[in-house]
Structures are given as structure tokens and as C-alpha cells.
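Before any comments, here is the structure.
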Number of protein chains: 2
Amino acid sequence: MSKPPSVRDVAAAAGVSIASVSRVLNRSGYVSEQARTRVEQAVRDTGYAPNFSAKHLRTGRSKAVGLMVSNMANPFLATFFAATERCLQDAGFSLLVSSTYDDPNREQELLTLFESRRLEGVIAFPAQEGVPRSRNPFALCKLPLVVVDREVDCHGDAVFQDHRTGVRLAVDYLCALGHRRIALFGPSLGIRPGREKLLGYKDALAQRGVELDERLVCMLKSAVDSPEEQMDRMLRLHEPPTALVALGTRILSGALRAARRTGRRVPSDLSVIGIGTENAFALADPALTTLRFNIDQAAQAAAQLMLERLGGTSGPRRSVTVPLDLVLGESCGAPVHRR
Amino acid sequence: MSKPPSVRDVAAAAGVSIASVSRVLNRSGYVSEQARTRVEQAVRDTGYAPNFSAKHLRTGRSKAVGLMVSNMANPFLATFFAATERCLQDAGFSLLVSSTYDDPNREQELLTLFESRRLEGVIAFPAQEGVPRSRNPFALCKLPLVVVDREVDCHGDAVFQDHRTGVRLAVDYLCALGHRRIALFGPSLGIRPGREKLLGYKDALAQRGVELDERLVCMLKSAVDSPEEQMDRMLRLHEPPTALVALGTRILSGALRAARRTGRRVPSDLSVIGIGTENAFALADPALTTLRFNIDQAAQAAAQLMLERLGGTSGPRRSVTVPLDLVLGESCGAPVHRR
DNA sequence: TGCGGAAGGGCCCTCCTCTCG
DNA sequence: TCGAGAGGAGGGCCCTTCCGC
């Protein structure tokens, strides 16, 4: 457990001053060819690795960015992380990641930790929207910030996914197949993705002249809400839905379970559209028609915005919107009228 | 963009010396009640957050651990990460995570980065086994190390999943249902999980007195290998398999596609067992009988081993083995003889 | 031009001093 | 007079960079 070598050790081994070692390592200033080779040899001999913390203290740059998500077990977030890392590592940045489990206290703590570690910026999926600026840790945080898929009143740049257009396309597709009774299941209206999805649903119905039936809409309020029970309820309506747009993985499997219990088959009795990452539905049979996230695009946009800020770009908030794609499978067909 | 406040600023604001500020913050030494409250107030007023890098430089502890995985988009690894983080954060450690995409060069670079950042330890899923010690970056790395699910010749502690017993249980279950022709699809034999799985398969067959037919075994060599084609081949055998053990998500969906093309139904014509995390197969219909990873257990074991080493435990390598559970669904039944 | 000396960045901790009972 | 509690001064962790030879 001996201490790792420092510049001093390298300088001694190479027979030069520590200043020269630093010059060689950072390729700055004038160094003779001879000194350079001796230093390089000494670095290898001693197994020297420069101490990032000391460097940080001196230069003021930690070369690290924080990523704050609700839960890394969520495949969307995990994939987003992987893609973000790929973008940032070429610029020499490391990524410190942490899950908040949507706990505002944890968000607060984490931002404090990020500030303590003097990270250079933060990319975040905040848990809440509508928190007044004065009590909003994100607004209070002075670090460069990129907020993804949330409307938060703060200085940060923003990346949005175009849930609204995505859902509009999906519902429009079902209308085109002849459906008029289309059930919508989605996440909470408390955050942007849920609100935008509902808007997209309404857009499509309005455009097609289909009347909105509130009984076919279920935007879940908590993780405890049961999509299965809600679907049960809808299927017992006088005019039950002939199509299902289920905008969440857990939501979809719950709703489908209810549908199966009534003996309905996909797509003959019920057309179904889901949402997710590329691999989420590999097992579905028949292949599921899906709204697909463009995760790489979103992550690249976030990383790009961050890198530009870190590079010194100033100016007002910017925002980037990334589309959702409708990928056709075999889970949708024309509606059949039952009695 | 003014510089963040330092202990000096806090000391000035509180009207005490720097040493007293430090004593309050680290609750060490004697501080009067009055001084304490003044310092605490000054910390709030100035928005002071101690500089981790400076602290690290001074104390020699970075309070951070590295995690190296092949690809965070893999749900198993993402869930493992989340669980590891939960264990380490209570002890005040941050986690620096990175994906290597199974590139040994990247592994090497990453270990160098971890050493530069003076991380206190590394938890890793190395890409390769059998690399001689002298050229193995993990053996050469001097940091405390925990290796997960790989047999690597190095000083690190180890966490293993008991693939062998898990697969033995799964195959034995199929044998008990009457199956004798059981197809096995698995990952490469190049790393431990693949080897152990094959051993478990052989264990069960031997125990049940079923002869091993090599034509029913397909351990994929690369991500390009097509499980679909291999399953096709098996289904054209004179005595095709009546059951399928597919030990990978992509593997399973490929093999199932081939089976469906021949008109086989699950479980009447083909019994199926998969492997994965809790949520992986929520959509499968019928519910899939699954070998389930105990990810939390594995992550806790890895974190625990690491924390003990960081706490100063010395001594020889230790290893922990975590079981896989067989979770019954409705995808298995008695075999039907076709002609 | 090429090199070395030295300062300084934020923090912790080891001394040391001072005060009061 | 002495000892215990409280706080101040300063060195050094490792690195970069400004100066000056």
C-alpha cells in the first residue's frame, strides 16, 4: 500500500525538474528532445498516473459531469446514460451518475454533492415540475444544466422528446384503420411526457372528427395505480375500446392481461400500440407496433448542449426536440364489432 | 461565474479562524457552542460546499469507486449498478461508471483513468478470461478489486452467480415433465457464465440418465451468430427438441421466432424456459418460466466485499456465490410426440 | 531556446498559544 | 501553579504556471 508516485518521483527518476515533467505531460512550452524521452521513460518506470484531484485544484476543471436520473434500472435511462457517456468521453469528461428514485430530498442532496465535487455541469431528469424558483434546487444550482423531458423554471438548456407528435401519429394510424374507440393509457399528467401524450391523443381525435370519451383515457397517478383494473373497467363499457395505446411497459402488460382475460386476441379483437426502447418488445407475439424513443439522438443533443456550455457558449436557454418514431409491427388491424 | 466560497470566506463571515471552521465541519476537536452556530450560519450564508478535490488531496481519500461494465444498456448491468450505488452511498462513496463494450483496450484505458482519479476501488465485469497475469490490466492494477461473474487470475475478490445450479434446476424440471429432447441455447463458452450453464445442463441430463445430444446444444460464439438459424436446424432433426432452454433475451426471441414459423405453440408443442431480470418478460404470453437473477444480492455482495476492503480488511481473495431462482410460469408442459 | 525555482489553489491536521477555573 | 478547553498559525498534499536565468 505504498503511495503512488508523484511528479516529484518522476522528476527525480528522469533527472529533471518537476516543471519539465509537467511540460512534457501537457505538451506545453519548450522541452528538449532528450528531456522528453527521459521523462517518458521515467513515467513508464515509475508507473506514474497524474493525480486528477491535484490537477483539478490547480486548473479549476474537474473534467466531470453529473447525470441525475430517477432510476437506472429503467432501460430508457440506462441507454441514455450509455449514449451520453460515449459523447462525453471523447472530450475527456467522466460521468458521475446517480439515481434519485424521484425523491426531491435526494435530488437536493445530490446537487450539493455535485457542487462539492465541483462537477462542471449536470444533466438531469427532475422528478417534479412547477416547483417555485425559490425552492427549486435546479434553479438555485449555479452549474451549467441540461434538463431532459421536463418543464422546469431554471436557467438550464432543455432536451424534449416529441411525445405529442408521436402519439398523434399512433392514434391517427389507428383511426385510419377504422378505430373510433381507442383507449389511452399513459403516465402521470404531473410531468411533461404525460401531458404531451394526452395532447397528441386529442390532436389526432380532433383531426379525425372522433369525439373524445373521457372514460377511455387513463393517465396513471402513481406506480400503485393498476392499469389492469382500469382496462377491466373499460372493457365492460357498453362500447368497449377496439384499440389500445399503452404508453409504458408496465402499463401495457397490465392492460394486456385484462384484455386476455376477456378472451380478446391481438390484433383481431384488439389493436395495440406500445412505447419503448428498441429491445423492449422483442418477445411480443405478434410483433408489437411501437412508438420508439430515439435515445441516441436525445443523449447526443444533451451532451452537445452541455459541451457547448462547457466550452464557454453563453446566451439564453436553448432547447432541442427529438422525434418519436412509429415502428409498425403486426399488432394492429381493422376493428371488429362485437356484441 | 465568481469562484465558489472557500473555508477562508466562511471563516471571515463567521469571524473565526479557518481551523475552527474545519473543526465544525468535521466534528473533530473542541468548539464552543457559540462558534459552532456562527460557523453553521456562515456556511448557509455563503452557500459554502467543501471542495472534494482539495479534501481528497489532503486526506488521500477520493470517496469514489469505479464500476466497469460491458454495456449499461444491458438491463442486468443497469440494475446491478443501481443496487450497488444504493449500498455504497450510505458509506459516502460515489460511483464512477463506464461501459467498455467488451473492448480490452478500453478496459485498459479505463483502469488508467480510475487510477488517475485515485478511485479507492474497482468493481468490474471483465470482457475476457485467461489473459496471462503479465498482460492482464486487472492483475496489474493495484486498486482493491471485485470481479463479478468472471474467472480472472488476479488479486480481486469475486462474486459469482450460480448459473450451474440454476440451469440444472431448469433442465431437471423439464425432465420431470417428461422431456428428453431439450435444446440448450446459451452465451459463449469463452466466459464463466456460458461454461457453468453448460455444466448445469449436463449435470441434469446425467442425473436423469438422458443421453447428451450435441446437436441440441448451441452456445453462441458472437453477437452475430443467429439463434434463429440454429433453432431452425434443430427443428428439422429427425427427433426435434420438445423443450427449449434459452439463456439470453436476444437468444430467446430468435429461437422462438424459428419455432413459431413451424407453427409450434408454447407450451403445447414446445416448453420454454428463459433467463433474465424481473421485468424482462412481463409481456410474454403465456407467462414465461424463467431463471431469475438475484441482482440485488449480487450487487450487495460486491459492495460489501468492496467496503470491507476499503475499511482495511486484508487477507486472501474471497468469493461469494449468489443463486439463480427458477420462477415458474405457464410456458412448460408435458411433451407431445409429433410425427 | 530550454530549464528550474517557487507560488498558489482549498483543505485538514499537527502543533502551539492563550484563557480561565 | 497547573491543567483542560478553545482557537490560531502554518505546513504540506500534487500539480500547473509564471518568472527569471
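Letters go in sequence order (proteins before strands), and every chain restarts at 1.
More than 12 non-hydrogen atoms from other residues, nucleotides or ligands lie less than 6.0 angstrom from CZ of Arg317(B). Counted within 6.0 Å of CZ on Arg133(A), heavy atoms from surrounding residues, nucleotides or ligands total more than 12; the atom is thus considered enclosed.
The side-chain heavy atoms of Val21(A) and Val16(A), taken from C-beta on, include a pair separated by under 4.5 Å.
When the side-chain nitrogen and oxygen atoms of Lys55(A) are compared with OP1 and OP2 of dT16(D), one or more of them lie within a distance under 4.0 Å. Asn51(A) has no side-chain polar atom (N or O) that falls below the 4.0 Å cut-off from OP1 or OP2 of dC13(D). Taking 4.0 angstrom as the limit, Lys3(A) places a side-chain polar atom (N or O) nearer than this to OP1 or OP2 of dC14(D). For the OP1/OP2 pair of dG5(D) and a distance below 4.0 Å, the side-chain nitrogens and oxygens of Ser32(B) include no atom meeting the criterion.
A straight line from CD1 of Ile18(A) to P of dT17(D) spans 13 Å, rounded to a whole angstrom. The separation between Arg23(B) atom CZ and dA9(D) atom P is 11 Å, rounded to whole Å. Look at CD on Glu115(A): it is 16 Å from P on dG10(C), rounded to the nearest Å. Atom CD of Glu33(A) is separated from atom C1' of dG2(C) by 13 Å (rounded to the nearest Å). With rounding to whole Å, His56(B) atom NE2 is found 15 Å from dC11(C) atom P. Rounded to whole Å, the distance from CZ on Arg8(A) to P on dG5(C) is 12 Å. One atom, CZ of Arg117(B), and another, C1' of dC15(D), lie 15 Å apart when rounded to the nearest Å. What separates CZ of Arg61(B) from P of dC14(D) is a distance of 16 Å, to the nearest Å.
Stacking of Arg192(B) on the aromatic ring of Phe160(B) is recorded, both the 6.0 Å distance cut-off and the 45° axial limit being met.
Checking dG8(D), dG10(C), dT16(D) against the side-chain heavy atoms of Ser20(B) singles out dG8(D) as nearest. For Pro50(A), whose side chain is taken as the heavy atoms from C-beta onward, the closest listed nucleotide among dC15(D), dC11(C), dG7(D) is dC15(D). Closest to the Val7(B) side chain, of the nucleotides dC11(C), dG2(C), dC14(D), is dC11(C). Closest to the Arg58(A) side chain, of the nucleotides dG10(C), dT16(D), dC3(C), is dT16(D). With dG9(C), dT16(D), dG7(D) as the choices, the nucleotide that has an atom nearest any side-chain atom of Leu57(A) turns out to be dG9(C).
Ser22(A) comes within contact range of at least one nucleobase, with a heavy-atom separation under 4.0 Å. Counting any heavy atom pair closer than 4.0 Å across all strands shown, Tyr48(B) reaches sugar-phosphate atoms only and no base atom.
Between Ala54(B) and Val16(B), the residue whose closest nucleotide on DNA chain D is further toward the 5' end is Val16(B). Each of Ala19(B) and Arg118(B) was matched to the nucleotide of DNA chain D holding its nearest heavy atom; the match closer to the 5' end belongs to Ala19(B).
A donor-acceptor pair is defined here as one N or O able to donate and one able to accept, closer than 3.5 Å; no such pair exists between the side chain of Glu107(B) and the backbone of Pro137(B).
Scanning atom types as modelled, no donor and acceptor separated by under 3.5 angstrom connect the side chain of Arg36(A) and the base of dG2(C).
Centroid-to-centroid, the aromatic rings of Phe80(A) and Phe125(A) come within less than 6.0 Å.
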